[in-house]
Amino acid sequence: MANIKSQIKRNRQNLKRNERNKAVRSHLKTLTKRFRVAADAGDGAAAKTAFDDAAQALDKAASKGVIHRNTAANKKSGMAKRLAKV
């Protein structure tokens with residue numbers, strides 16, 4: 001256990017950030033699943049709105065540093081290809 005005041009604070013901050021990042025990653029999975037379900041069903045309109053929501057959330061997560069920007073770009077690219085087929 002840390003006994004330096006600054007390290008105790010740093011541990012507290014890390015716990016908060018970890019919880020926040022976990023929630024964001026979970027939300028991203030939910031949004032991508034919504035897109036995948038809509039695309040599987042062949043519903044173009046629902047897939048388009050789900051894609052827009054997921055793309056926006058991926059960009060935001062990448063800008064905040066929750067996920068890497070290349071990961072966000074890769075996921076968006078794959079979803080865009082899938083959307084074009086629907």
Side-chain angles (χ1 to χ4, degrees):
M1 186 66 199
N3 57 0
I4 297 168
K5 198 173 183 182
S6 61
Q7 189 58 47
I8 292 169
K9 180 179 178 180
R10 176 65 60 195
N11 289 342
R12 262 195 335 260
Q13 290 173 334
N14 286 339
L15 285 174
K16 269 195 229 173
R17 288 188 183 119
N18 182 262
E19 288 298 316
R20 189 180 315 126
N21 291 345
K22 199 186 305 183
V24 170
R25 283 193 300 266
S26 175
H27 185 61
L28 287 175
K29 287 178 187 176
T30 302
L31 292 175
T32 53
K33 183 177 181 181
R34 268 187 211 154
F35 169 76
R36 201 170 52 247
V37 167
D40 286 343
D43 188 358
K48 174 72 173 120
T49 57
F51 172 76
D52 292 340
D53 293 342
Q56 184 180 10
L58 285 165
D59 285 337
K60 189 170 184 179
S63 72
K64 301 287 184 189
V66 177
I67 60 173
H68 196 275
R69 59 190 167 87
N70 289 354
T71 302
N74 192 19
K75 288 182 184 291
K76 281 172 44 182
S77 173
M79 286 194 302
K81 285 181 187 174
R82 185 118 185 244
L83 182 63
K85 289 181 182 176
V86 173

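Heavy atoms only: backbone and side chains are in, while hydrogens, waters and symmetry mates are out. Heads up: numbering here begins at 1 and tracks the sequence.
- Between M79 atom CE and N74 atom CG the span is 10.5 Å, to the nearest 0.5 Å.
- At least one donor-acceptor pair under 3.5 Å links the side chain of T32 to the backbone N or O of L28.
- In this structure, F51 and A80 approach most closely via the heavy-atom pair CE1-N, 3.6 Å.
- Taking each heavy atom of A46 and D43 in turn, the nearest pair found is CB-OD2, 3.1 Å.
- Separating the OG atom in S26 from the CG atom in N21 is a distance of 12.5 Å, to the nearest 0.5 Å.
- Under the rule for a side chain to side chain contact (heavy atoms under 4.5 Å, CB included), the partners of H68 that lie at least two apart in sequence or sit in another chain are N70, T71.
- With rounding to the nearest 0.5 Å, the separation of CG in D59 from CD1 in I67 is 8.5 Å.
- Here T49 contributes atom OG1 and R34 contributes atom CZ; the two are 9.5 Å apart, rounded to the nearest 0.5 Å.
- Every residue meeting the salt bridge (charged side-chain N to carboxylate O under 4.0 Å, His left out) condition with D52, not counting sequence neighbours, appears here in chain and number order: K48.
- Contact check for K9 versus Q13: side-chain heavy atoms found under the 4.5 Å cut-off.
- To the nearest 0.5 Å, the span separating CZ on R12 from CG on L15 amounts to 10.0 Å.
- Between Q7 and R10, the side chains place no donor N or O within less than 3.5 Å of an acceptor N or O (distance only, hydrogens not considered).
- The pair E19-K22 meets the salt-bridge criterion, since a charged nitrogen lies less than 4.0 angstrom from a carboxylate oxygen.
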As a quick check of understanding, evaluate side chain to side chain contact (heavy atoms under 4.5 Å, CB included) for Q56 and K60, giving each step before the final call. CA-CA 6 Å; Q56 184 180 10; K60 189 170 184 179; 5.7 Å; no
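- Scanning all heavy atoms of the two residues, the minimum distance from A2 to N11 falls at CB-ND2, 3.8 Å.
- The minimum heavy-atom distance linking A72 with L58 is given by the pair CB-O, 3.8 Å.
- Side chains of K81 and K85 form no contact here, defined as non-hydrogen atoms less than 4.5 Å apart.
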